Asker: 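Here's a structure for you.
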Amino acid sequence: MAAIESISIDTGEYAFSARAAGPESGRTVFLLHGFPQTSYAWRHVMGALGDAGYRAVAPDQRGYAEGARPEGVEHYRMPFLVGDVLAMADSMGAHQIDLVGHDWGGAVAWNVAGRHPERLRTVTAVSTPHPAAFTDAIRSSAAGGEAASDQAERSSYMLFFRQEGVAETTLLGPDGDGAGLRNLYLGSGLAAEEADEYVRVLTQPGALTGGLNWYRAVDIGDVEGLGPIVTPCLYVWSTEDVALGRDAAEATAQYVKGEYRFEVLDGISHWIPEKAPDELSRLLLEHLATHG
């Protein structure tokens, strides 16, 4: 499998640590992680992409990278997260990229595709529905009735994450060693070595707050003005995802106007890149090859 190297992407304002695999001359594929993870989540998929001749680049995003950890919730609004992706691509000399995102990385990928389609060859969302479909599902939950979605209940943990200081204290534990985080990882099915790597990063000064600030900076304006997705799109969702339900996943199609492929992985949890890397890599390579 293609070797994974550590690189730094300097955008002028920030320096993003990243993992990369595959030939530097290969077509650039950016892979965006979610919370509470890092670029490490993509290690298996990156190897498959590198073996196929692509240049796979997985950055540690804003708040996670030590060189890109500004203080203050206001620095974690979606426009800044989208801007980071474009700035990193520019720094690498890649005007057009293939963009893949899981969890929060998926939300960023949808926003880049909806607002800057000229910068993408393809977009792939893993687990995360289109932001408007997700918002609709939340509103359906609030409205109640027999047809109401269960998305609000699934997303109730976000209210906890938005509590400044409280979430950090709980997740870092009384000794600051990430005991709460470790329990979260292990309880949701990640392996001990995976938990160790994520805890190592997120117990660094300011890292956990940086990741949690993504939740605290959420604004309804993130959905407003988000155009229909015209970029060739692959969406991969899994049936055992406790955070992101079927209602929003299936409703995503109405917000995609370009070529669209929706794939459902049965029996797989939210952690698709780590629990189903072979299947995800196969689907992603097919998507990339179809839209070369």
Side-chain angles (χ1 to χ4, degrees), residues 28-35 37 41-42 45 57-59 61-63 76-89 96-140 149 151 154-155 158 211 214-215 217-238 241 243-265 270 272-273 280 283-284 287-288 291:
T28 304
V29 183
F30 265 45
L31 302 118
L32 308 178
H33 66 83
F35 179 88
Q37 295 183 286
W42 291 110
V45 176
V57 179
Q61 296 196 81
R62 181 178 291 233
Y76 293 83
R77 292 286 310 280
M78 184 58 69
F80 293 117
L81 308 178
V82 169
D84 287 342
V85 175
L86 303 182
M88 285 189 280
Q96 275 199 325
I97 61 172
D98 296 277
L99 187 58
V100 185
H102 173 248
D103 188 77
W104 260 113
V108 175
W110 284 118
N111 270 271
V112 174
R115 301 180 192 279
H116 302 278
E118 73 284 354
R119 299 299 304 268
L120 302 183
R121 290 190 185 91
T122 65
V123 63
T124 300
V126 183
S127 301
T128 318
H130 186 279
F134 180 78
T135 301
D136 290 345
I138 292 287
R139 289 172 175 165
S140 170
S149 171
Q151 188 57 58
R154 290 174 179 267
S155 300
M158 294 184 181
W214 288 49
Y215 291 93
V218 168
D219 187 273
I220 189 62
D222 297 343
V223 177
E224 294 174 353
L226 186 60
I229 306 302
V230 297
T231 302
C233 177
L234 168 66
Y235 176 28
V236 183
W237 177 77
S238 53
D241 192 322
L244 299 165
R246 183 178 292 274
D247 294 327
E250 293 183 345
T252 288
Q254 65 186 287
Y255 296 99
V256 181
K257 303 305 180 186
E259 296 184 56
Y260 181 53
R261 181 177 179 181
F262 177 45
E263 292 287 341
V264 176
L265 303 184
H270 177 73
I272 294 175
L280 177 58
L283 293 170
L284 181 55
H287 182 52
L288 297 175
H291 304 285

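FYI, side chains are in, hydrogens and waters are out, and symmetry mates aren't considered; it's all heavy atoms of this structure. All of these numbers come straight from a predicted model, not from anything done at the bench.
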Asker: Name all residues meeting the salt bridge (charged side-chain N to carboxylate O under 4.0 Å, His left out) criterion together with E263; count only those two or more places apart in sequence or in a different chain, and write none if there are none.
Answerer: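 Partners of E263 under the salt bridge (charged side-chain N to carboxylate O under 4.0 Å, His left out) test: R261.
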Asker: I need the L32 CG to L81 CG distance, nearest 0.5 Å.
Answerer: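 Going from the CG atom of L32 to the CG atom of L81 covers 10.0 Å.
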Asker: Output the distance between atom CZ (R121) and atom OG1 (T231), rounded to the nearest 0.5 Å.
Answerer: 12.0 Å
Asker: Is there a side-chain contact (heavy atoms from CB on, under 4.5 Å) between R154 and L244? Walk through the geometry before answering.
Answerer: CA-CA 7 Å; R154 290 174 179 267; L244 299 165; over 6 Å; no
Asker: Quick check: do V29 and I97 have side-chain heavy atoms less than 4.5 Å from each other?
Answerer: no
Asker: Before you tell me yes or no, could you show the steps for N111 and V85 under side-chain contact (heavy atoms from CB on, under 4.5 Å), namely the whole-Å CA-CA distance, both residues' side-chain angles and the distance that decides it to 0.1 Å?
Answerer: CA-CA 11 Å; N111 270 271; V85 175; over 6 Å; no
Asker: Does W110 have any ring pair (Phe, Tyr, Trp, His ring centres under 6.0 Å) partners at least two apart in sequence or in another chain, and if so, which?
Answerer: H130
Asker: Does the pair W104 and Y215 meet the rule for a side-chain contact (heavy atoms from CB on, under 4.5 Å), with working shown?
Answerer: CA-CA 9 Å; W104 260 113; Y215 291 93; 3.2 Å; yes
Asker: Does H33 use its side chain to pair, donor to acceptor, with the backbone of Q61 at less than 3.5 Å?
Answerer: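 Yes.
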Asker: Once you round to the nearest 0.5 Å, how far does OH of Y255 lie from SG of C233?
Answerer: 14.5 Å
Asker: Taking only residues two or more places apart in sequence, or in another chain, which ones meet H287 in a ring pair (Phe, Tyr, Trp, His ring centres under 6.0 Å)?
Answerer: H291
Asker: Using distance only, find each side-chain donor-acceptor pair of residues 122-129 under 3.5 Å and give its atom names and separation, not counting sequence neighbours.
Answerer:
unit_1 : atom_1 : unit_2 : atom_2 : d
T122   : OG1    : D98    : OD1    : 2.6
S127   : OG     : H102   : NE2    : 3.3
S127   : OG     : H270   : O      : 3.3
T128   : OG1    : D103   : N      : 3.0
T128   : OG1    : D103   : O      : 2.6

Asker: Tell me whether Q151 contacts the main-chain N or O of G245 through its side chain, where contact means a donor paired with an acceptor under 3.5 Å.
Answerer: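 Here the side-chain-to-backbone pair exists.
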Asker: Any idea which heavy atoms bring A89 and R119 closest together, and the distance?
Answerer: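 Where A89 meets R119 most closely, the heavy atoms are CB-NH2, 3.9 Å.
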Asker: What distance separates L99 CG from H116 NE2, expressed to the nearest 0.5 Å?
Answerer: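 The distance works out to 11.5 Å.
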Asker: Measuring from T252:OG1 to I229:CD1, what's the distance to the nearest 0.5 Å?
Answerer: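 These two atoms lie 10.0 Å from each other.
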Asker: Testing the basics here: between A133 and A248, what is the closest heavy-atom pair and its distance to 0.1 Å?
Answerer: CB-O, 3.5 Å
Asker: Counting only N and O atoms by type, is there a donor-acceptor contact under 3.5 Å from the side chain of W237 to the main-chain atoms of E250?
Answerer: no
Asker: For residues S149 and A137, report the shortest heavy-atom separation together with the two atoms involved.
Answerer: CB-O, 3.4 Å
Asker: Output all residues satisfying side-chain contact (heavy atoms from CB on, under 4.5 Å) with R77, sequence neighbours left out; order by chain, then residue number.
Answerer: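 If we apply the side-chain contact (heavy atoms from CB on, under 4.5 Å) test to R77, skipping adjacent residues, the hits are P79, F80, A217, D219, D222.
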Asker: What residues form a ring pair (Phe, Tyr, Trp, His ring centres under 6.0 Å) with Y235, not counting sequence neighbours?
Answerer: F262
Asker: If you look at every heavy atom in P273 and A41, which pair is closest and at what distance?
Answerer: CB-O, 3.6 Å
Asker: What is the distance from atom CH2 of W214 to atom CE of M158, rounded to the nearest 0.5 Å?
Answerer: 13.0 Å
